[in-house]
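Have a look at the structure below before the remarks.
Worth saying up front: this structure is predicted, and the values here are computed from it rather than measured.
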Amino acid sequence: MIVPWIVSWSGEEEFEVRPCRYAGGLAIWQPQRQGDGVPRFAKPHAVRQRKAMAEMRCSLCGERTGPEDRWWFALGEGRMDLRHGLMTEEPPLHRACATIAAAHCPNLRAKGWPASPMPMPQDLLRQIVGGLALLQDFGIADRGRIITGHLKLGWRYDPRPQSEGAE
């Protein structure tokens, strides 16, 4: 079974708030115990996700991606607002790792995402968590603190062909 580097495991399901160098402040923290228990494919590990976004690491292998080898499957497209742009919390992939993901990831196949990855831009944003969602998802009260959950990539998006948008 192929388990992406970013995936959390059942043995890592403890949460607290700690300072995080990748978030630049307080953030959700969980222990690093890859391989302990069963993989939680729909739940990225909080710290590994932020590290992957901040350092442009591949979500499958965990190694750094270079500017010319940074790909994505438009996983943020469903949450797209064309007035502002695209946003995703999915870290990039190497082209070779994207090929592996396209062949093996049931989530990509089930949702009919593009078979070919696209180059990925890179403006880093923070997702702030708090209130009832923080309490329900992590068992933590925010007590007025600003706490980061995941980091996201966002960029302007113009759906018009290049020749239309140029003046």
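- Of the possible donor and acceptor atoms, one in the side chain of R70 sits under 3.5 Å from a partner among the backbone N and O of T65.
- Between R40 and S10 the shortest heavy-atom distance is NH2-CB, 3.3 Å.
- Distance check, rounded to the nearest 0.5 Å: OG1 of T99 to NE2 of H104 gives 10.0 Å.
- Once rounded to the nearest 0.5 Å, the distance linking NE2 of H94 with CG of D69 reads 5.5 Å.
- Looking only at side-chain heavy atoms (C-beta outward), W5 and E63 stay at 4.5 Å or farther from each other.
- Rounding to the nearest 0.5 Å gives a distance of 9.5 Å between SG of C58 and CD1 of I6.
- Between S59 and P4 the shortest heavy-atom distance is O-CB, 3.4 Å.
- Under the 4.5 Å side-chain contact rule for hydrophobic residues, V7 and M1 share a cluster.
- One N or O on the side chain of H45 and one on the backbone of R48 form a donor-acceptor pair closer than 3.5 Å.
- L93 has its side chain out of reach of W72: every pair of non-hydrogen atoms, C-beta onward, lies at least 4.5 Å apart.
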side-chain contact (heavy atoms from CB on, under 4.5 Å) evaluation trace for K51 with Q49: CA-CA 5 Å; K51 182 175 183 172; Q49 189 275 345; over 6 Å; no
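- Between L26 atom CG and R145 atom CZ the span is 6.5 Å, to the nearest 0.5 Å.
- Counting only distance, with no hydrogens or angles, the side chain of R50 and the backbone of I28 share a donor-acceptor pair below 3.5 Å.
- Although no hydrogens or angles enter the test, the distance criterion places a donor-acceptor pair under 3.5 Å between the side chain of E12 and the main chain of Q34.
- Counting only distance, with no hydrogens or angles, the side chain of Q30 and the backbone of F15 share no donor-acceptor pair below 3.5 Å.
- R33 places a side-chain N or O within 3.5 Å of a backbone atom of G11 that can act as its donor or acceptor partner.
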Using the side-chain contact (heavy atoms from CB on, under 4.5 Å) rule, take I2 and L60 through it: C-alpha gap first, then chi angles, then the decisive distance, then the call. CA-CA 9 Å; I2 297 173; L60 185 63; 3.8 Å; yes
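- C20 and A27 make their closest contact through CB-CB, 3.6 Å (heavy atoms, listed as atom of the first residue, atom of the second, distance).
- Here CD of Q32 is found 11.0 Å from OG of S8. Values are rounded to the nearest 0.5 Å.
- Contact annotation: the side chain of F41 approaches that of V3 to within less than 4.5 Å [non-hydrogen atoms, C-beta and beyond].
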